Undergrad: 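For reference, the structure I am asking about is given below.
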2 protein chains.
Amino acid sequence: MVEKAAYVTADDLCQRLRAASLRPTRQRLVLAELLFARGHRHITAEALHGEATRAGIGVSLATVYNTLHQFTAAGILRQVAVDATRTYFDTNVDAHQHFYVEDTGMLIDIPGDSIAVSGLPHPPRGTRIDRVDVVVRISKA
Amino acid sequence: MVEKAAYVTADDLCQRLRAASLRPTRQRLVLAELLFARGHRHITAEALHGEATRAGIGVSLATVYNTLHQFTAAGILRQVAVDATRTYFDTNVDAHQHFYVEDTGMLIDIPGDSIAVSGLPHPPRGTRIDRVDVVVRISKA
DNA sequence: ATCTTCTTTAGAATTGTTCTAAACTGTTGA
DNA sequence: TCAACAGTTTAGAACAATTCTAAAGAAGAT
Ligand SMILES: [Mn+2]
Ligand SMILES: [Mn+2]
Ligand SMILES: [Zn+2]
Ligand SMILES: [Zn+2]
């Protein structure tokens with residue numbers, strides 16, 4: 001709901017990792033900084049690996065995947081399923097929805113309090129609702 | 001909206017293929033029958049290939065993929081993106097939404113007229129909305 | 001029948017992701 | 001301070017889903 005402070009210190013990130021019982025290694029700090037230092041992001045593993053590499057920090061792709069999954073398990077990231085060919089990770093873990101630009105593969109947040117879904121039938125007996133995802137697919141013109 | 005007749009004849013299927021400028025080959029007819037002969041289905045390429053093979057008809061996996069994509073282009077199938085690891089094809093092309101059972105990978109239709117999404121912001125200028133997908137993720141207990 | 005075009009297919013290739021096991025690093029506490 | 005242990009990283013292999021290639025086969029038109 002409330003936007004995070006624009007600047008996040010290395011110490012902040014350290015805390016966050018410790019809180020998740022993750023050792024603050026060089027790799028995790030670099031990735032955490034790329035992910036969380038400036039506002040929210042929607043990014044794929046490959047893209048994040050590219051950024052780290054371009055930034056001159058050696059992080060293997062395996063570590064990027066490990067880290068993204070650990071962060072997701074820790075609840076500081078979430079996955080968004082919009083396209084069968086790539087997995088997006090979202091640094092915004094508040095309830096919210098997405099525009100998906102099919103031409104470019106870009107995701108745009110829709111604040112959680114702007115959209116309402118009504119008329120949901122009961123889930124099948126023996127199941128409970130984990131989440132309601134809304135993806136608004138848009139394209140040029 | 002209206003449910004299709006329970007029985008679909010081979011001739012029906014032929015027509016449908018011709019209407020899409022697709023030659024009614026043995027393979028396409030077999031796949032069309034598996035897909036459309038009895039109510040609606042949500043199925044992956046691999047699963048459909050398995051069914052065809054088990055039914056004793058030789059259809060290559062490449063042909064299954066080709067056919068599913070051709071049917072999708074023709075508007076008699078649509079794809080559903082719920083899980084990054086597999087692509088589901090849906091024989092129900094009317095406006096409707098889904099429950100997704102995360103434990104089993106099963107999809108369950110939610111009639112289009114039961115759910116309403118309100119409060120959608122305008123799409124970014126220069127884009128138009130193609131579709132609004134709602135996925136209700138559910139799991140056991 | 002013949003020709004043309006469309007279709008099928010085996011197998012290779014590609015993509016995105018996960019696994020393995022060995023080397024390395026952070027943390028702890030003697 | 002430093003060994004010892006547990007947690008972490010990584011290259012590379014493996015895997016799963018899907019697409020591509022190019023050659024052989026089947027359909028429709030004449
Ligand atoms: Mn994949
Ligand atoms: Mn895939
Ligand atoms: Zn988001
Ligand atoms: Zn459906």
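Every heavy atom of this structure was used, including side-chain atoms; hydrogens, water molecules and symmetry mates were not. A note on names: the letters A, B, ... follow the listed sequences, proteins ahead of strands, and every chain is numbered from 1. Remember, predicted model here, so these are calculated numbers, not experimental data.
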Undergrad: Quick one: on DNA chain C, does R23(B) or E46(A) contact a more 5' nucleotide (nearest heavy atom)?
TA: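 Mapping each residue to its closest nucleotide by heavy atoms, the 5'-most match is R23(B).
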Undergrad: Give the minimum heavy-atom separation between P121(B) and F99(A), together with the two atoms involved.
TA: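 That closest heavy-atom pairing would be O-CZ, 3.5 Å.
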Undergrad: Using whole Å, report how far CG of L48(B) lies from P of dA17(D).
TA: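 Those two atoms, CG and P, are 15 Å apart.
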Undergrad: Provide the closest heavy-atom pair for I138(A) versus D130(B) in the form atom of the first, atom of the second, distance.
TA: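 Heavy atoms only, the tightest pair is C-OD2, 3.6 Å.
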Undergrad: Among Ile, Leu, Val, Met, Phe, Trp and Tyr joined by side-chain contacts under 4.5 Å, find the other residues sharing a cluster with L107(B) and list them by chain and number.
TA: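 In the cluster with L107(B) are V80(B), V82(B), Y88(B), Y100(B), V135(B).
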Undergrad: Can you name the nearest heavy-atom pair linking L35(A) to L68(A), along with the distance?
TA: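 Looking at all heavy atoms of both residues, the closest pair is CD1-CD2, 4.1 Å.
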Undergrad: Does H69(B) place a side-chain N or O at less than 4.0 Å from the phosphate oxygens OP1/OP2 of dT18(D)?
TA: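 It does not, given that no N or O in the side chain of H69(B) lies less than 4.0 Å from OP1 or OP2 of dT18(D).
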Undergrad: Roughly, in whole Å, what's the span from CG in L17(A) to P in dT27(C)?
TA: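 Spelled out: CG on L17(A) to P on dT27(C) is 10 Å.
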Undergrad: Taking CG from L31(B) and C1' from dT7(C), how many angstroms apart are they, rounded to a whole number?
TA: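 Result: 13 Å.
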Undergrad: Can you check nucleotides 10-15 of chain D for protein contacts, nitrogen or oxygen pairs under 3.5 Å, and list what you find?
TA:
| from | atom 1 | to | atom 2 | distance (Å) |
| --- | --- | --- | --- | --- |
| dT10(D) | OP1 | Q27(A) | NE2 | 3.4 |
| dT10(D) | OP1 | G58(A) | O | 3.4 |
| dT10(D) | OP2 | S60(A) | N | 3.0 |
| dT10(D) | OP2 | S60(A) | OG | 3.3 |
| dT10(D) | OP2 | T63(A) | OG1 | 2.8 |

Undergrad: May I ask you to evaluate whether T87(A) reaches the phosphate of dT17(C), defined as a side-chain N or O under 4.0 Å from OP1 or OP2?
TA: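 Yes.
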Undergrad: What integer distance in Å separates L29(A):CG from dT8(D):C1'?
TA: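 Result: 13 Å.
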Undergrad: Test D90(A) against every option in H96(A), R41(A), Q79(A) by the side chain to side chain contact (heavy atoms under 4.5 Å, CB included) rule and name the one that passes.
TA: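 Among H96(A), R41(A), Q79(A), the one meeting side chain to side chain contact (heavy atoms under 4.5 Å, CB included) with D90(A) is H96(A).
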Undergrad: Under 4.0 Å: is that the gap between some side-chain N or O of Y65(A) and OP1 or OP2 of dT17(C)?
TA: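 For dT17(C), OP1/OP2 do have a side-chain N/O of Y65(A) under 4.0 Å.
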Undergrad: Quickly work out the D83(B) CG to dT18(C) C1' distance and round it to whole Å.
TA: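 Rounded to whole Å, this separation is 15 Å.
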Undergrad: Distance check needed: dT17(C) P versus R86(B) CZ, whole Å only.
TA: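 Taking atom P of dT17(C) as the reference, CZ of R86(B) is at 15 Å.
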Undergrad: Is L77(A) reachable from L22(A) through a run of I, L, V, M, F, W or Y residues, each pair having side-chain heavy atoms under 4.5 Å apart?
TA: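 The answer is yes; both residues are in one hydrophobic cluster.
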Undergrad: Indicate whether OP1 or OP2 belonging to dT9(D) is found under 4.0 Å from a side-chain N or O atom of T25(A).
TA: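 Checking dT9(D) against T25(A), a side-chain N or O does come within under 4.0 Å of OP1 or OP2.
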Undergrad: Tell me whether the OP1 or OP2 atom of dT27(C) has a side-chain N or O from R18(A) closer than 4.0 Å.
TA: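 R18(A) to dT27(C) OP1/OP2: side-chain N or O found under 4.0 Å.
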Undergrad: Report the distance from atom CD of Q70(A) to atom C1' of dT18(C), rounded to the nearest whole Å.
TA: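 Value for this atom pair: 14 Å.
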Undergrad: Indicate whether OP1 or OP2 belonging to dT8(C) is found under 4.0 Å from a side-chain N or O atom of R28(B).
TA: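 For dT8(C), OP1/OP2 do have a side-chain N/O of R28(B) under 4.0 Å.
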Undergrad: How long is the line joining NE2 of H49(A) and P of dG16(C), in whole Å?
TA: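 Value for this atom pair: 14 Å.
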Undergrad: Closest nucleotide of DNA chain D for T44(B) versus for T67(A): which of these residues is on the 5' side?
TA: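 Nearest nucleotide further toward 5': that of T67(A).
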Undergrad: What are the two closest non-hydrogen atoms of I108(A) and P124(B), and how far apart are they?
TA: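 So the two residues come closest at CD1-CG, 3.7 Å.
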